[in-house]
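Atom set for the values below is all heavy atoms of this structure, side chains included, hydrogens, waters and symmetry mates excluded.
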Amino acid sequence: LSDVQIGNFDNGSVVAFQMTLNQQGFPQAQDLQEADASAFDAPPAGRPAKRQRGSPMPGVTRHVGVIKKFQADKHHGFIECEELQHYGFDVFLSDKQIGEFQNGSHVSFGFQLKNGRPQALDLEPA
């Protein structure tokens, strides 16, 4: 969170915001607004909330594509996704993310940028 975005909020403020990815693929909070703290189930102090596998990652835009080439022996593959073609590359898919999916599977996913190239995260059936 940059000092430009924080405005009049302090540490401990409960806020709602839009999330974007910067050029390095890291999430950035934008358009902060005051939020009602009672609307959230806060985790115990000092411990992050655990996301249940298969539940959506909060604030992450989902995209849809087809696993076009995954090579288990090389531990990676690629997802073809028309929405992300402006990066000039297919979406990288790690063997840590593929789960039970296989070549030809239609998937929904979030992504991050690494060295300017999209990498798939949190695959789900499309």
Side-chain angles (χ1 to χ4, degrees):
L1 179 63
S2 77
D3 57 350
V4 173
Q5 290 294 327
I6 199 159
N8 294 326
F9 295 105
D10 294 316
N11 287 340
S13 295
V14 177
V15 298
F17 59 91
Q18 295 293 317
M19 195 273 305
T20 60
L21 297 176
N22 68 14
Q23 291 179 339
Q24 292 79 33
F26 294 106
Q28 301 292 301
Q30 305 283 327
D31 304 323
L32 273 68
Q33 299 175 7
E34 189 172 345
D36 180 6
S38 66
F40 300 95
D41 291 327
R47 297 179 74 177
K50 289 188 177 181
R51 187 178 65 84
Q52 297 296 318
R53 185 159 179 78
S55 65
M57 293 175 69
V60 174
T61 302
R62 310 273 319 158
H63 299 278
V64 175
V66 178
I67 298 175
K68 74 174 202 180
K69 186 175 185 182
F70 184 83
Q71 297 175 310
D73 60 323
K74 293 188 177 183
H75 306 283
H76 73 273
F78 297 93
I79 298 173
E80 188 174 72
C81 176
E82 189 173 320
E83 296 173 302
L84 299 177
Q85 284 299 311
H86 62 276
Y87 287 105
F89 303 94
D90 284 325
V91 180
F92 179 84
L93 175 60
S94 163
D95 61 348
K96 295 177 180 153
Q97 295 291 328
I98 194 165
E100 299 296 318
F101 296 105
Q102 53 190 296
N103 288 327
S105 294
H106 291 257
V107 294
S108 167
F109 60 94
F111 80 99
Q112 67 180 6
L113 291 178
K114 184 170 183 182
N115 299 323
R117 297 179 180 204
Q119 291 191 346
L121 301 169
D122 194 39
L123 269 68
E124 297 177 354

Quiz item: In Å and rounded to the nearest 0.5 Å, what is the CD to NE2 distance from Gln119 to His76?
Solution: 10.5 Å
Quiz item: What are the two closest non-hydrogen atoms of Phe111 and Pro118, and how far apart are they?
Solution: CD1-CB, 3.7 Å
Quiz item: Are Phe78 and Leu113 in one and the same hydrophobic cluster, where Ile, Leu, Val, Met, Phe, Trp and Tyr link if side-chain heavy atoms are under 4.5 Å apart?
Solution: no
Quiz item: What distance do Ile98 atom CD1 and Ser105 atom OG have between them, rounded to the nearest 0.5 Å?
Solution: 7.0 Å
Tell me which donor-acceptor pairs under 3.5 Å the side chains of residues 82-95 have, and how far apart each pair is, sequence neighbours excluded?
| residue | atom | partner | partner atom | Å |
| --- | --- | --- | --- | --- |
| Glu83 | OE1 | His63 | ND1 | 3.1 |
| Glu83 | OE1 | Val64 | N | 3.4 |
| Gln85 | NE2 | Cys81 | O | 3.4 |
| Gln85 | NE2 | Asp90 | OD1 | 3.3 |
| His86 | ND1 | Glu83 | O | 3.3 |
| Asp90 | OD2 | Lys68 | NZ | 2.5 |
| Ser94 | OG | Lys96 | N | 3.0 |
| Asp95 | OD2 | His75 | ND1 | 2.8 |

Quiz prompt | Considering all heavy atoms, the nearest Val107-Ile79 contact | solution = CG2-CD1, 4.0 Å
Practice problem: With rounding to the nearest 0.5 Å, note down the distance linking CD in Gln97 to CG in Leu121. | Solution: 5.0 Å
Quiz item: Nearest heavy-atom pair of Ala120 and Phe109: which atoms, and what distance?
Solution: CB-CD1, 4.0 Å
